[in-house]
Amino acid sequence: MYYLGIDLGGTNIAAAVTDEAGAILGRASIPTPRGGDVPAGVAGTMAEASRAAAEDAGLRLEEVGSVGIGSPGTIDPESGTILYWSNLDFQNVPLAALLQERLPMDVPIYMENDANAAALGEYAAGAGKGSQSMVAITLGTGVGGGAVLNGKLYTGFNYAGMEVGHFVLEQGGRLCTCGRRGCFEAYCSATALIKRTRELMEKNPKSLLWQLAEGDLAKVNGRLPFDAAALGDAVAGKVVDEYVEYLGSGVASLVNILQPEVFCIGGGLSNQGETLMAPVRYILNREDYARNNAHRTRLMRAQLGNDAGIIGAAMLPKFR
């Protein structure tokens, strides 16, 4: 059986055909439409990308047995509706039904939040493959997350579960975009790391960070403090050490709550590899409540990169 996964993004709509194991056989990507009737345009573009992905796989679209959609925003997977997505100003958009109208075959269509889909992708075909339970976090513009527990995707009774970016690490701490203070996301997203790096650069004009950023705060990215710290810059070292301590604390808290078999870290910052993972693993070993147990959570780096979401969307019917 072949599966079709669609990754709906604000910039592009990507589609891929996979086999039973989640291996991608063919893919396509088309810019996300913005003008006119946007929901209809998005559904039409999704159908077009689906046909192109099937063609790339050497198949007819009618040979696909199911369709899965990973979408940003608040999703009602039972009705296939985007309840709210600010990027395209979607409110109560029945996207699954709109897509079905534009497909040449009648197949089940599944929908899920994109962070949940990415977690499922890693569980099915990446870092968590073969495990019974996995928690995944993504360190990007925000901190996203998802969990597969006992082989089933966990979303909460209202489909809003696993908003891991918004539990509090530091009471009364930094203001988060959600309105709370001290959230995990306010300390451990790439956005937070960049903001903190700029703050310390402004207080330390002789830091090597300025040289690497070519004297321009706008050129600071999530990689810069790690690069400068590796070159011995004390200010960058402080930024990285602080970041890692917060990240390790957050990971340990999530592990203590759920004790998954695998804990997976993805997103752009995970590209630092063991420079990031090793100290976080050290903190987890220190703070894991089950540290003396024979069976321990394995901390791993995500393996699928940008394909996690589209593979997870394709695999949705297997893990519901």
Side-chain angles (χ1 to χ4, degrees), residues 5 7-12 14 70-73 87 112-129 134-148 153 161-167 169 174 176-178 183-197 220-227 229 239-240 242-255 258 260 262-281 283-284 297-313:
D7 187 10
L8 171 57
T11 303
N12 293 295
S71 169
N87 192 302
E112 191 51 76
N113 171 268
D114 55 354
N116 290 334
L120 184 58
E122 285 291 342
Y123 176 80
K129 186 176 182 179
M134 187 197 75
V135 170
I137 62 171
T138 304
L139 307 174
T141 303
V143 175
V148 181
L153 187 64
M162 290 306 295
E163 286 290 343
V164 297
H166 303 292
F167 75 88
L169 276 178
R174 300 174 189 168
C176 182
T177 55
C178 75
C183 287
F184 191 25
E185 183 170 297
Y187 289 86
C188 295
S189 63
T191 305
L193 177 60
I194 291 168
K195 182 177 180 180
R196 182 60 173 158
T197 302
V220 175
N221 56 35
R223 184 182 68 251
L224 196 74
F226 288 94
D227 289 347
V239 171
V240 170
E242 179 185 272
Y243 178 81
V244 166
E245 281 292 330
Y246 279 119
L247 179 59
S249 177
V251 168
S253 293
L254 289 168
V255 167
L258 295 169
V262 173
F263 193 104
C264 168
I265 298 179
L269 291 177
S270 71
N271 291 332
Q272 296 302 318
E274 284 300 299
T275 301
L276 178 70
M277 299 297 289
V280 173
R281 193 175 290 113
I283 295 169
L284 177 59
T297 295
R298 301 196 310 273
L299 181 65
M300 300 180 65
R301 182 183 169 195
Q303 297 177 358
L304 300 181
N306 293 332
D307 285 338
I310 204 164
I311 292 173

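Annotation: the span from Leu304 atom CG to Lys129 atom NZ amounts to 10.0 Å, rounded to 0.5 Å. Atom CD of Glu242 and atom OG1 of Thr197 lie 9.5 Å apart (nearest 0.5 Å). The line from CE of Met300 to CZ of Arg281 is 9.0 Å long, rounded to the nearest 0.5 Å. The distance from the CZ atom of Arg223 to the CD1 atom of Ile194 is 10.5 Å, given to the nearest 0.5 Å.
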Next on the checklist: Let's go through Ile137 and Phe263 carefully: what are the C-alpha distance in whole Å and the side-chain angles of both, what is the deciding distance for side-chain contact (heavy atoms from CB on, under 4.5 Å) to 0.1 Å, and is it a yes or a no?
Outcome noted: CA-CA 8 Å; Ile137 62 171; Phe263 193 104; 3.8 Å; yes
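Checking side-chain atoms of Asn12 against main-chain N and O of Ala14 turns up no donor-acceptor pair under 3.5 Å. With hydrogens and angles ignored, the 3.5 Å screen pairs no side-chain donor or acceptor of Thr138 with any backbone N or O of Gly266.
Between Asn113 and Ala115, the closest heavy-atom pair is OD1-N, 2.9 Å. Contact record, Glu122 with Ala302: OE2-CB, 3.4 Å, taken as the closest heavy-atom pair. Across Gly165 and Cys183, no two heavy atoms sit closer than the pair O-CB, 3.4 Å. Between Thr177 and His166 the shortest heavy-atom distance is OG1-CE1, 4.5 Å. Closest approach of Phe184 to Gly250, counting heavy atoms only: CE1-CA, 3.8 Å. Considering all non-hydrogen atoms of both residues, Leu269 and Cys188 come closest at CD1-O, 4.3 Å.
No side-chain heavy atom of Val251 sits less than 4.5 Å from a side-chain heavy atom of Ile283. Between Val135 and Thr297 there is no side-chain heavy-atom pair separated by less than 4.5 Å. Residues Asp7 and Asn306 form no side-chain contact, since every pair of their non-hydrogen atoms from C-beta on lies 4.5 Å or further apart. Within the 4.5 Å cutoff, side-chain heavy atoms of Leu247 are placed close to those of Leu276. At a threshold of 4.5 Å between non-hydrogen side-chain atoms, the residues Val280 and Leu284 do not count as touching. Side-chain atoms of Gln272 and Val244, non-hydrogen and from C-beta on, never get closer than 4.5 Å to each other. Side-chain contact between Asp114 and Leu8 is absent, with no heavy-atom pair separated by less than 4.5 Å. Taking the side chain as every heavy atom from C-beta outward, Tyr123 and Val262 never approach each other to under 4.5 Å.
Here Glu112 pairs with Arg320 under the salt bridge (charged side-chain N to carboxylate O under 4.0 Å, His left out) rule; sequence neighbours left out. For Glu245, the salt bridge (charged side-chain N to carboxylate O under 4.0 Å, His left out) partners at least two apart in sequence or on another chain are Arg286. Scored by the salt bridge (charged side-chain N to carboxylate O under 4.0 Å, His left out) test, Arg301 finds no partners at all (sequence neighbours excluded).
Between Tyr243 and Phe226, the ring planes lie perpendicular to each other; the angle is over 60°, past the 30° to 60° tilted range.
The environment of Arg174 atom CZ is dense: over 12 non-hydrogen atoms of other residues, nucleotides or ligands sit within 6.0 angstrom.
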